[in-house]
Student: 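The structure's right below; bear with me while I get my questions together.
If you're wondering where the values come from, they're calculated on a predicted model, not measured in any experiment. Ligands are counted one by one from 1 in listed order, and the atoms in each one are counted from 1 as well.
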Amino acid sequence: MAALARPNYVRVIIDRAIHRELDYLVPDSLAPQVDVGSRVRVPFRDRSALATVLAVLEKSDARGIRPVEAIVGDGPILSTQLLELAKWMSTYYCCPVETVIRSLLPQVVRKAQVGWKKQLVVHRTRDIPADEIEKLRKRAPRQAELAEAINGLPQPKLAAALLRQLSLDNQALRGLVKRGWVEVREEQVARDPHAEDHILPTNNLALNPEQAGALRIVTEALNAPDTARPILLHGVTGSGKTEIYLQAIRGTLDKGHTAIVLVPEISLTPQTVERFKGRFTDHPDMVAVLHSHLSEGERHDEWHKIHSGKARIVIGARSAVFAPLKQLGLIVVDEEHESTYKQEDAPRYHARDVAIVRAKIEKCVVLLGSATPSLESYYNATRGKYRLATLTQRVDEKQMPQIRIVDLRQERRKQKTAAILSEKLSTAITDRLEKREQSILFLNRRGFSTSLLCSECGEARNCPNCSVALTFHRQIARLSCHLCGHTAAVPKKCPECGKDALIYAGFGTEKVESTVSHLFPQAVVRRMDADSMTRKEAYRETLRNFRTGKIDILVGTQMIAKGLHFPNVTLVGIINADLALHLPDFRAGERTFQLLTQVAGRAGRGEVRGEVFVQTYTPFSPSIQFARHHDFSGYFEQELEFRERCDFPPFKHAVLITVRSGHEGRAKLSAETLVRRLRESLGAEFILGDAAPAPLEKLQGQFRFHILIRGEAIMRLSRLLRETLDKLPFPEDVSVAVDVDPYQLL
Ligand SMILES: [Zn+2]
Ligand SMILES: [Zn+2]
């Protein structure tokens, strides 16, 4: 072996955030196993630390260089492409590269503490002669039965499963081992999180002309990935986007490439997973699934199934964009407008944007799909940066639902109190119950009453840690904070003035459920929100019961807004469309339009045309009117004009800095100091706002101040920010978070 080919030194980044790359010597014994992307254990200060190899070097100028202690795991676990992606993220999102690597690799893989599960597997040593089995039948009938079953096995089988199936015990198996007919070996077995799923194999469905046109655009890109632009598939709800994904993936596999499908966590339902597993039954490990509800063991297995090349398709939530597939050919981002693609902790990345950069690095195709594309993506499509494919029709010529607006101001005059259900909506529910059709009622707020007020002194019960009112939950009979989880007993009298004058105001899904059950005693009503779905199985159960018609009315939060497909749902009621509109957020209008369109899209997926009732106090707001007329382009133009006028994305990038401390004065002072420094370091090309209390001033006991910066040259801005922050010492109890392209402005 040539001496030069051996790595002498490696440059690594250790897992702890020290913002620095370090060089280490590679001992000869470890040299053959070290490569870029390897995980190693190295001495750091007086301890040892885990690290990732960024580069292999022939020499190093560093002084006092120490040797690598050990290699962790087998072989490199990060490809050079993923390392390049990590470096890009670190610069763009103004975040240390070690924090990015922590996101890229699941903890169980980084630390390599969990291994494969070992289980006993039965192997046949040879075909067992039938006459010998017959001879055995009298003396040892159980052994004979087992031998017969083993003879019929097409492949080795888990001992436990085989014995359970035949209701036999270990003794029979031991007997056969003694005869030398079978062997039992301990082997690696993947924990399959979806082993219980019922998978029905499916074939390609026939495409309508619009779908075929869209698939053609994707196929063209797959044939020339080097020059392909990202594709935006804008298809109305029910237009068959998933079928296009499935056929595009088949095309990708046919070229020997692999594919990632990103879906929002919330729509990563068993229904979705089954659909993909059912189409790609080539071998049982074909499709890997990554999401936040996997156990550590399952995550380890799925990750290695992908890394070893067994799985060719990965379907998963946000972090699946980092799936270690080789020969990546296609990344699909379904519901690309979803805000759950944005990670709210460092690194504060957006999976759609990372997907586009990864696609550029790996020279693969990226396909974004949505019924309500984000303003950013649609803007890119209109400017030719993305290719646009449009589906205007639902499959099988199903009609778009009829959307009716109910003016709650008029209802209030009629009913004298804040109505939960307007007359029109309740008549429509009665009608559906008579026809044995199903209804969905949507409200983006959980709990029973949203505040507990004193009618004498006007004080509300607020969370002691956060600047929000506590929500009353009847099921647990307590007040609870939706931001920090603090709960409190319900006081009998007003703690402020001592009067017996407390009233419950506002309502959430819990109250909608109870009102609806009361009004329609003959109906089966179920609720689906974060409170009622605490058990892992509850979600699946409720969906199954709804699909099989055991539930008449489903009440829920955004948990039921997306991706679900129930042919018998003909009515959707949106209890209060105004909730998102009045948030202090430049995306409020966009969110309302998207939510209304998505929720409305749950209606009329079967034979009967759907009907949607939108209850609102602001019936003439543009988002509601455009959603009502299914008018995406009207909404887009109107919203775009507003964004341009106010220097918001997609015209300028925004960066939100949050300065936090348990001490209000120190948070404020630090934020003001930071703004002064930024005025010096940022040029006039950036719009720098003042330090101001965040809309949510106090959260989990921390006082929060915001600084908003806008500008076009985002990479430059990120670099200047990093430099300024590194030079500025903050008091110990003050923390600063930088959010590039923020989604959460509260
Ligand atoms: Zn009071
Ligand atoms: Zn709180």
Side-chain angles (χ1 to χ4, degrees), residues 292 339-340 342-346 348 417-418 443-511 527 529-534 557-559 576 579-580 582-585 588 591 656-668 670-671 692-706 733-737 739 742-746:
S292 60
S339 56
T340 55
K342 170 79 177 177
Q343 174 153 300
E344 295 299 339
D345 315 312
R348 296 178 174 79
T417 53
L443 180 66
N444 211 4
R445 194 161 60 185
R446 56 204 175 82
F448 195 81
S449 298
T450 46
S451 54
L452 184 60
L453 296 169
C454 173
S455 58
E456 284 290 325
C457 70
E459 281 295 316
R461 292 281 94 228
N462 283 331
C463 175
N465 312 317
C466 312
S467 42
V468 292
L470 295 170
T471 300
F472 173 61
H473 288 252
R474 198 170 64 170
Q475 211 169 346
I476 54 169
R478 282 181 82 82
L479 299 168
S480 139
C481 172
H482 287 178
L483 295 174
C484 72
H486 170 86
T487 70
V490 181
K492 292 224 162 45
K493 289 179 179 152
C494 173
E496 297 298 322
C497 69
K499 299 236 171 67
D500 187 6
L502 293 174
I503 48 167
Y504 292 98
F507 57 85
T509 41
E510 208 182 330
K511 184 148 183 190
R527 172 165 55 95
D529 57 25
D531 300 315
S532 65
M533 295 294 131
T534 45
T557 53
Q558 65 261 48
M559 218 178 243
N576 185 343
L579 284 184
H582 305 301
L583 295 176
D585 182 339
R591 284 196 178 134
L656 183 67
I657 303 180
T658 305
V659 180
R660 286 196 311 261
S661 170
H663 187 281
E664 189 174 4
R666 271 201 288 281
K668 183 164 188 274
S670 301
L696 191 60
E697 268 187 81
K698 198 177 169 200
L699 177 66
Q700 300 177 335
Q702 299 264 306
F703 294 90
R704 307 159 77 243
F705 286 80
H706 273 171
D733 63 343
V734 172
S735 64
V736 179
D739 191 353
Y743 267 67
Q744 189 57 264
L745 300 179
L746 288 180

Student: For the residue pair V490 and A477, what are the closest heavy atoms and their distance?
Tutor: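 So the two residues come closest at CG2-O, 3.9 Å.
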
Student: Table please: side-chain donor-acceptor pairs of residues 693-702 below 3.5 Å, with sequence neighbours left out.
Tutor:
| from | atom 1 | to | atom 2 | distance (Å) |
| --- | --- | --- | --- | --- |
| K698 | NZ | P464 | O | 2.7 |
| Q700 | NE2 | L483 | O | 3.4 |

Student: Output all residues satisfying ring-ring contact (aromatic ring centres under 6.0 Å, His included) with H482, sequence neighbours left out; order by chain, then residue number.
Tutor: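 Testing H482 for ring-ring contact (aromatic ring centres under 6.0 Å, His included), a comparison that skips the adjacent residues, returns H473.
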
Student: With R446, which of T509, D531, T557 fulfils side-chain hydrogen bond (donor to acceptor under 3.5 Å, both in side chains)?
Tutor: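 Result for side-chain hydrogen bond (donor to acceptor under 3.5 Å, both in side chains) with R446: D531.
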
Student: Parallel, tilted or perpendicular, judged at 30° and 60°: which one describes the rings of Y504 and F472?
Tutor: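 Tilted, since the angle between the ring planes falls between 30° and 60°.
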
Student: Side chains of N576 and L443, heavy atoms from C-beta outward: is any pair under 4.5 Å?
Tutor: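 Result yes, sub-4.5 Å side-chain heavy-atom pair found.
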
Student: Looking only at non-hydrogen atoms, find the nearest pair between C481 and V468 and report the distance.
Tutor: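 Closest heavy-atom pair between C481 and V468: SG-CG2, 4.0 Å.
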
Student: Below 2.8 Å, which protein N, O or S atoms neighbour the Zn ion (ligand 1), ignoring water?
Tutor: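 Atoms qualifying: C454 SG, C457 SG, C494 SG, C497 SG.
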
Student: Identify which protein N/O/S atoms are less than 2.8 Å from the Zn ion (ligand 2).
Tutor: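 Metal shell, protein only: C463 SG, C466 SG, C481 SG, C484 SG.
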
Student: Counting only heavy atoms not in K668 (residues, nucleotides, ligands), do more than 12 fall under 6.0 Å from its NZ?
Tutor: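 Check fails, neighbour count at 12 or below.
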
Student: As an exercise, state the distance from CZ of R478 to NE2 of H486, rounded to the nearest 0.5 Å.
Tutor: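 Between atom CZ of R478 and atom NE2 of H486 there are 8.0 Å.
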
